[in-house]
Structures are given as C-alpha cells and as structure tokens.
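The next block holds one structure in the form of structure tokens; read it before the comments.
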Amino acid sequence: MLRRIQYELSGHLVGPALLRAKEWRRRRSRRGRAPKAGPFGPPLESTRKLKELMSLHYLQGRFADGAVPVAWVTSGFPVELLRPLGFFTLYPENHAAMCGVARTVPELSDAAEKVGYSRDLCSYARTDLGCVATGKTPAGRLPKPDLLACCTNICQTVLYWYKALAQRFGVPLVVIDTPFVYGEAKPHHVAYVREQLEELVSVAERVSGRRVDPQELVEVTARAKEGSRLWGECLATARSRPAPWTGFDGFFHMAPIVALRGSEACNAYYRLLLGELKDRVARGIGGIREERHRLLWDNLPMWFAVRELSTLLAEEGFNFVCTSYTNAWAEAGVRVDPADPYGSIARAYTHIILNQDLTNRLGILRRLARDYACDGAVLHSDRSCKPYSIGQVDLKERLGEELGIRVLLLEADHNDPRAWAAEPGANRIAAFMESFA
Amino acid sequence: MAVLPIHYPKEILTALDILAVEMWGPPGPPRGAAAGRIQSYVCAVVRNALAFLASGGAEVVDGVLFPHTCDSLQGLATQATDLGGWGKAAFVFQHPRGGERASARRFALEELRSLARELEAWTGRSLSPELLAAAIRLHDEIDGCRASLLDGRARLPIGDPELYALLRRGEWLWPEEHLAELRSAVGRLGPEPAQTGLPLLVTGYVPEPMSLLATLNDAGAFVAADDYAAVGRRVVRRNGVADADPWADLISRYLAHPPCPTRGTDLAVRMRHLVSLAEASGALGVLVHVQKFCEPELFDVPAILAAFTARGLPVLVLEGELERSLSGQAETRVEAFVELLRARGRAA
Ligand code: SF4
Ligand code: SF4
C-alpha cells in the first residue's frame, strides 16, 4: 500500500513538482547568459518536455516494484499486450543508452566482464548486466522485474541476454520468437507469432493478477498506432530544406516511442513536438544554422559521442536528416490495426527492419536517401550489433553505385567508447566531408 | 548440399537422398576476398563461409541450406543470396526458440514440412512417410552408436584425434557409410577403462583446430564428456519409442536434442545437463572452447564458470577463430591447465 502511494505520488505529484523546481533552478542559473553561438539552430523547446517525461518515467520506476507489476522489455516487444495489465515497463536498451550518454559504460561493462561476459558481446547487454551486478544507474534505482519479456525481432542476442536476467532474478521469461522474413512473412510464421502472443498474455495475466480487457487492448493498440504515425510525421518534417532538426536530435526524441509506446503521454508529447517542428519548417528554422549537405545515418547512434559527432558535422554544414534506426519506429506501428489486435501485432512485429532480409534493408535506405534528398550516407558499422552491421559493406557499394551518393562506413560501437578510435575516426569523417568539396 | 551449422533436419535430406556436406567455416584462413565483405568482428565461421561460397569453393554442391542458428548466420543467409556470393539454390531452416511450448511444436512441424516441400520440388523426388520413417530410424541408430562411443569414452582404446575424426566424418559421409564405421568402433568398446589420462568435460562450438585434441592427449588429459555443438549436442538419446506418425516422430527427435544455447535453452536446464555430464564422466576439469564473437556460446560462459566453480571444478575458457593449428599461447594454456588438474589430484 505504502509502495503504491509512493509510486503514484512520484508519478503524479512529487515527481513533477521536483522536476519543475529543478528546471526553475536551471533557468535561473542561466539567466542573463547569452545562448552559446554554435553551428546548431535554436534548441527545440520540446526537449524540456522530453526530459521531464523520461525523468518522470524513471523516477516513478524507482517505486514501481511492489506497487505495480514490473516488466523488463526489449525495444521490439509488443508492449501493447502488457499495458492493459498495468505493467510498469522498463526498457534495458533505453536505460543502457542513458548510461552510454552518461559515459558510464566502461565501468559497467568491466563489472560484467569480471563475471565472465566477453567484451565482444553487445554493449547494451554488457551495460545492463553490469548495472544488475553493481546496482549502479544514472536513474537512481531500477525496479526489479516480475516478468522478463523479450522479442527476437531485433536480434537473437536479446534472447541470450534475457535468459541471463531470468536466471539472475528468478522470474518468468516470455519469448516472442519472430521468424526471419524474406520478402513477406509466410502465413505459418505469422500464425506462430500470433499463438505466442496468446501464450504471453496468459503468463502476463498470471504475473499481474489481472485479465486483459479487450476494449482496453483496442484502445492501447490504437494509441500505439497513432504514436507511430505521429513519430513518422515528426521525422518527415526533415524532408524540408533546411531540416528543422537533426537526425541526432531524433535519436533522443525517439525515447517515448520506444519506452512509452501505447500511452497517451507518448502521443501527447509527439503532438507537441510535431507542432514545434512544423512551426520551424514554416519559419525556415533549421536544425543546423547552415545546411549545405544532407546525410543519411544507418544503424544505432554512438550514444557516447552524439554531441561531438553532430558538432563536427554541423560546423561544416552537414546534417543527418534521416536515420534508418529512428525510421524503424515509425514504420512498424503502421501495420497495427485496433480491429485485429493479435493478428496485426503479430504481422507488425514480425516485419521489423532487423527481422527482414537485406533486399528490404537496401530498399529502405534507398527510399530514405531519395525522400530526404540526401547527398551522402554514413553507415555505422557497429561492432557490437551484428544483426544491424552484417551486409553493410555491400550496402555501401550498392548505395553509392545506385544513387551516386558518397557513402562512408564508420567502424565504432553504439555504447562502448573503448571501441571508438576518436582521433582516426574524426579524421575519417573530415576526409569524408572534404570529398564533397 | 552444403549445410551451415548447427541444427537441421538431416533426416529429411537423407530421406530425399540428398548428401549433406556440412560447412563449419571451413577452417583455416578465409579462402577468398569476400571475407572482407563481412566485418572482422563477426565470427570466422560466417566470414570464411562467405569467402568460400563466393570464391566458388562450393561449386561442387547444388544447393546450400542455411539454418538460422544465430544473428550472424541469419545475416549470412541474406547477404550471400540477396547481395551476391551464392547463385545456386538456397534454403533456410528456422527453428523455434524460447523453450518448449505448444506454439513451438506446431511451428517446428510447419517449418519442417515447408522445407520438405521445397526440397521435393527442387529434387523432383517425393518424400513418403515410409522414406521419412526409415531415415529417422537410420539417424536414431547413428545417434545410438555415437552416444555409446561418447558415454563409454573411457573404455574406447583410441585417442581423441582418432575418435573425433571418426565422429566428424558424419558431417559429410553418406549416413549408411558413417553408420558402418560407427558400428565397428562401438565393437571396440572394452569392459574396462582404456583411458588413463585426466578426464575433462569439453563444452563449446566445434573441435577446430583438431590439433587441440592431440595437445590435450599429449598433456595427459582426454575428453571424457563432450558438449561440442558440432558433436555431443547433436546426439539424440531416445529410448527407442518412435511415434507412428513420422512427422510427429521427427518433432520428438528434434525436441530430444541436448540443451543448446542456439535453441534458446533455459540456462538452469543447460547447467544441470553440463553438471550431469561432468558427474557421469568423472571429469576433473572443464574446457570451454568457443569461437571468438560467438554470442550464443559466449553469453553462457559466466553461468558455466559459476556452476563449476561452485563445485570446485577448474574451468579454462579458450577462444578460437578456426585457426589451422593451435597457437603456441593456446597450447601453453592447455598444458598449464592439465598440469594444474594433475597437481590438484596429487594434493588431494
Ligand atoms: S544493439 Fe543490436 S545486438 Fe544489441 S540488443 Fe540491440 S539489436 Fe540486439
Ligand atoms: S560460431 Fe557462433 S556466431 Fe558464428 S555462426 Fe556459429 S553460432 Fe553463429
């Protein structure tokens, strides 16, 4: 009972008040200071709301276990089915990205490596397993899970990772296994995923002690679909010239569609962001001050170096106007249909970019490059994300040949700065930019 | 037909008279420039396979089967067929992951039938229930012999290099020929232990380079219990209870495989299995022999370390990259490990 009160208060009363006070202090300390001149356009106003939304989520999470059922969930998991059961959902990938931005990954990874996890494993997994081992997190505290929910549509790595979590926490692990798609999914593949969704619901109902209300499921599904649509519209504003924001901004602003998908808070946020982006388009305000070249980014970002990279590029007039990663969250939800939640969720979550063949991937990159009028592309060859990176050497050749654009294959890692050679990397980017002269 | 690792329905291939030739790499340096089309942080199995396929090394076969064993092999399957490297017939086999469930059973059956239909169309042959049942019986018998050899390892008077060369010939021989030589090896099992070395449990991916086995034997140890993905993890032990419907029987056979991380086996289940292997064989130490960058195997290493350390069994983790021979450094580590076990034995 006490836990529940703490949880509700942190989410609805104390948390928002604390965050408002923090924001007030921040503004006061900045009063009188002129905004820094730099290569970027004026900062997005919505960012404050984004920070508030995500901080509140993690703040509430500190009190979630014992108050409401808690699920740790992979980013590609059909979370729509957990929402009607009142789960607080924690996304270890999203949390690991936070650690990446906070540059705490080497320390956390070391802790994971100490118990035997190889440094060659996905750095999100190492970060998370390090957090679990040490209890260290920039969020203050993570709630313990009652359920682990993993979907193999992004990779099979998550299955091995969540098995380790299941052993550690001794709680049920539900796996939604999505067969890989060549062209379109075969009917028996979709039927298999659909059947697993039903199996998932029975486990999740047992854990939460509640039943899925079909009407609520329809509503959540409709909200998730709407969230994806809104997110897609936000991304699409970058087709304008200049793009009103940068692809790197998009990496941060995707947090709600990943972690709060299916909630009204998520959709309200994207309506706000979309309004601001449209306004910037109307007023000709760009994400960077002087947009001379428009680039496409493939794969996850390098969370620990987003600012440095975007500054380096923006200073020379280069903007990432689209990324295959942020785009994935706009495309998946479109297939969801509230009239047929189970069937459409099975289809939508099977047709995720990483669960489809390279012909499809090439098609997406080609389309993005054309739609967003890119004259170059950077393919981040992500050392610890094999599913996203295999094939990129060929994709680089194909994109260059077919579209006549310059393409750079940049080897790094999405979360572990130790795999990024900063100086040679910056030199490669500089040489890439010079090739546009 | 060339077949990539690890698990695939060999019974269907046998029933359709298709010779499976497994491609574990092949080992050694990549045989062609196409290895450079896959980043160096991907395992050697996948990089070597693309190089081999793209350079025409597998021209002798008519088709390739890509089991969706892991992210990397899944990536290879689409890269080689969609972006170049393999232009002849290609098939995929996707197995269910995430534990035994009604959905997984149904999916496995559908997937097997779907693959069988594709292979029927490709070969122009028809897969009758009788042919399938006969193939299952053949593979049951093969596995029975392999199980006898592995379970009775200490009573077999041959060295590990010879035993593994025999077991691994099953990767490319016609099953009947392989069965004949397995039977004759089973005939050599004696009533008393013939191995005098220190017994080890070896778990890992594939015994490459094979010289590792000679190094172990020379150092005074032998593989008493095997959990290599390429060997022991593919030996099905069944009590001769066959389902009348060969398709249902095929599924039962599939589900009866020992635990394997690539099939998403629960960690506790796998650790229980490994511990029981060690106990039954009297293993005094554990060698974990994995491929660098192999996520399915590497993720289980901490659990293996914890399980055996808790039981007082030393563990050596050895990473390989399909080298042609064991590096001097790896050799020294193996020898030092065996020496450590020997010293512990003396102290005890
Ligand atoms: S970064 Fe790649 S390997 Fe890691 S969890 Fe995400 S999709 Fe999987
Ligand atoms: S060695 Fe591991 S990562 Fe490589 S193909 Fe085999 S299972 Fe996959």
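All values below were derived from every heavy atom in this structure, side-chain atoms included, with hydrogens, water molecules and symmetry-related copies excluded. Reminder, nothing fancy here: chain letters follow the sequence lines and each chain counts from 1.
To the nearest 0.5 angstrom, B:Ile38 atom CD1 is 12.0 Å from A:Gln392 atom CD. Note that the CD atom of B:Gln79 and the OG1 atom of A:Thr359 stand 11.0 Å from one another [nearest 0.5 Å]. Rounding to the nearest 0.5 Å gives a distance of 10.5 Å between OG1 of B:Thr265 and OH of A:Tyr160.
In this structure, no portion of B:Thr309 lies under 4.5 Å from any heavy atom of chain A. Neither the backbone nor the side chain of A:Ala112 comes within contact range of chain B; no heavy atoms are under 4.5 Å apart. Proximity to chain B (any heavy atom under 4.5 Å) is shown, for A:Tyr162, by neither the backbone nor the side chain. In this structure, chain A has heavy atoms under 4.5 Å from both the backbone and the side chain of B:Ala77. With a threshold of 4.5 angstrom between heavy atoms, A:Cys122 approaches chain B through its backbone and through its side chain. When heavy atoms are compared at a cutoff of 4.5 Å, A:Glu198 does not approach chain B at all. Contacts of A:Leu129 with chain B are made by side-chain atoms alone, with heavy-atom separations under 4.5 Å and no backbone atom involved. If you measure heavy-atom distances from A:Lys186 to chain B, the contacts under 4.5 Å come from the side chain alone. Heavy-atom distances place no part of A:Asp413 under 4.5 Å from chain B, backbone and side chain included.
Of the residues considered (B:Cys70, B:Ala102, B:Ser114), B:Cys70 shows the highest number of contacts with chain A, using heavy-atom pairs under 4.5 Å. Of the listed residues (A:Arg119, A:Lys386, A:Lys396), the greatest number of heavy-atom pairs within a distance under 4.5 Å of chain B belongs to A:Lys386. The choice from B:Val92, B:Val46, B:Leu305 that makes the most heavy-atom pairs within less than 4.5 Å of chain A is B:Val92. Per-residue heavy-atom pair counts under 4.5 Å with chain B were compared for A:Val193, A:Val115, A:Leu121, A:Leu159, and the maximum is reached by A:Leu121. With chain B as the partner, the residue from A:Gln167, A:Arg398, A:Glu199 showing the most heavy-atom pairs under 4.5 Å is A:Glu199. Interface remark: of the candidates B:Leu76, B:Val42, B:Asp82, B:Asp82 forms the most heavy-atom pairs closer than 4.5 Å to chain A.
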Report task. Show your working on side chain to side chain contact (heavy atoms under 4.5 Å, CB included) between B:Glu319 and A:Asp120 and close with a plain yes or no. Result -> CA-CA 11 Å; B:Glu319 275 190 12; A:Asp120 293 326; 4.2 Å; yes
Requested in this report: Verify side-chain hydrogen bond (donor to acceptor under 3.5 Å, both in side chains) between A:Gln196 and B:Ser103, making sure each step is shown before the conclusion.
Outcome: CA-CA 6 Å; A:Gln196 292 175 80; B:Ser103 58; 5.1 Å; no
Requested in this report: Start with the C-alpha gap between A:Tyr192 and B:His95, add the side-chain angles, then the distance that decides, and say whether ring-ring contact (aromatic ring centres under 6.0 Å, His included) holds.
Outcome: CA-CA 12 Å; A:Tyr192 171 45; B:His95 54 206; over 10 Å; no
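Within residues 294-303 of chain B, the residues approaching chain A closer than 4.5 Å by heavy atoms are, in numerical order, B:Glu295, B:Pro296, B:Leu298, B:Phe299, B:Asp300, B:Val301, B:Pro302, B:Ala303.
Side chains of A:His189 and B:Glu111: a donor on one and an acceptor on the other come within 3.5 Å. For the 3.5 Å distance criterion, the side chains of A:Ser389 and B:Gln39 fail to qualify, holding no donor opposite an acceptor. A side-chain donor-acceptor contact under 3.5 Å links A:Ser381 and B:Tyr41.
A distance-only check finds a donor-acceptor pair linking the side chain of B:Asp71 to the backbone of A:Gln156 [under 3.5 Å]. Judged by distance alone, with hydrogens and angles left aside, the side-chain atoms of B:Gln94 form a donor-acceptor pair with the main-chain N or O of A:Phe180 at under 3.5 Å. Within the 3.5 Å criterion, the main-chain N or O of A:Pro387 finds no donor-acceptor partner in the side chain of B:Gln74. In terms of modelled atom types and a separation under 3.5 Å, the side chain of B:Thr78 and the main chain of A:Leu358 share a donor-acceptor contact.
In B:Glu100, the CD atom is not crowded: 12 or fewer heavy atoms of neighbouring residues, nucleotides or ligands sit closer than 6.0 Å. Counting heavy-atom neighbours within 6.0 Å of A:Lys136 NZ, excluding the residue itself, gives a total of 12 or less.
Minimum interatomic distance between A:Asp177 and B:Arg97 (heavy atoms only, all atoms of both residues): OD2-N, 2.8 Å. Closest approach of A:Val175 and B:Arg101 over heavy atoms only: O-NH1, 2.7 Å.
With a 4.5 Å cut-off on side-chain heavy atoms, B:Asp266 and A:Lys163 do not count as touching.
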